[in-house]
Amino acid sequence: MRQTLGAVILATLLTACALPALACSCAHYSSARDQLRAVDVLFIGHAVRTERDWFNRNLIYTTFVVEESLKGDVGRRVRLEQNDRTTCAVQTFETGARTIVLANRDGQRLQIGGCTFPSFTEAEYRAARRPLYQ
């Protein structure tokens with residue numbers, strides 16, 4: 001009885017002190033064209049390095065060698081930033097693997113997040129961009 005009362009009190013305290021959950025909701029893109037319109041940059045590249053910021057441990061930087069830019073101006077080498085505290089899901093990149101990257105600009109920085117995961121194939125993105133630029 002005593003253990004049960006203790007468990008009830010503990011459960012009540014934990015429930016009362018619980019912080020609200022951060023809801024993750026991203027637009028569901030019905031087409032590659034819709035997702036392409038929602039981002040500032042789309043490129044094909046190879047990750048060469050991923051590291052955490054020494055001062056702000058929530059920031060993760062991934063450096064890419066760009067093979068081809070399909071939307072937006074990027075250099076031959078870019079550094080992407082993501083914040084694992086404000087992002088629903090952290091994107092991980094295999095070093096050396098050919099990857100489709102979608103990102104948004106914040107001033108000079110390129111940022112990725114849970115809502116910039118590629119949802120379509122490279123061929124679908126290529127087909128979607130043609131009418132945008134003709």
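If you read the sequence from its start, that first residue is 1, and numbering goes on from there.
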Does the pair I44 and I100 meet the rule for a side-chain contact (heavy atoms from CB on, under 4.5 Å), with working shown? CA-CA 5 Å; I44 309 296; I100 298 170; 3.7 Å; yes

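- The two atoms that bring Q82 and F93 nearest to each other are NE2-CE1, 4.3 Å, heavy atoms only.
- To the nearest 0.5 angstrom, R79 atom CZ is 10.5 Å from T50 atom OG1.
- Atom CG of residue L80 and atom OH of residue Y61 lie 11.5 Å apart, to the nearest 0.5 angstrom.
- Interatomic distance, R126 CZ to L36 CG, rounded to the nearest 0.5 Å: 11.5 Å.
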Worked verdict on V41 versus V101 for side-chain contact (heavy atoms from CB on, under 4.5 Å): CA-CA 8 Å; V41 171; V101 179; over 6 Å; no

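- Looking at V48 and R77, their side chains come closer than 4.5 Å, going by heavy atoms from C-beta outward.
- Scanning for side chain to side chain contact (heavy atoms under 4.5 Å, CB included) contacts around A32 gives F120, E124, Y125, A128, with sequence neighbours left out.
- In this structure, R52 contributes its side chain and I60 its backbone to no donor-acceptor pair below 3.5 Å.
- By the neighbour-count criterion of 12 heavy atoms within 6.0 Å, atom CG of D73 is sparsely surrounded, having that number or fewer from other residues, nucleotides or ligands.
- Considering all non-hydrogen atoms of both residues, A47 and E94 come closest at CB-O, 4.0 Å.
- Panel note: side chain K71, backbone V39; a donor-acceptor pair is recorded below 3.5 Å.
- Under the 3.5 Å distance criterion, the side-chain polar atoms of R105 are left unmatched by any main-chain donor or acceptor of D40.
- For the atom pair CD (E51) and OG1 (T62), the distance works out to 8.5 Å, reported to the nearest 0.5 Å.
- Among all heavy-atom pairs drawn from G72 and S69, the shortest one is O-OG, 2.6 Å.
- Side-chain contact check for T63 versus V78: every heavy-atom pair is 4.5 Å or farther apart.
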Verify side-chain contact (heavy atoms from CB on, under 4.5 Å) between F64 and L110, making sure each step is shown before the conclusion. CA-CA 11 Å; F64 280 85; L110 281 179; over 6 Å; no

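- The two atoms that bring A103 and I112 nearest to each other are CB-CG2, 3.7 Å, heavy atoms only.
- Judged by distance alone, with hydrogens and angles left aside, the side-chain atoms of E67 form no donor-acceptor pair with the main-chain N or O of R98 at under 3.5 Å.
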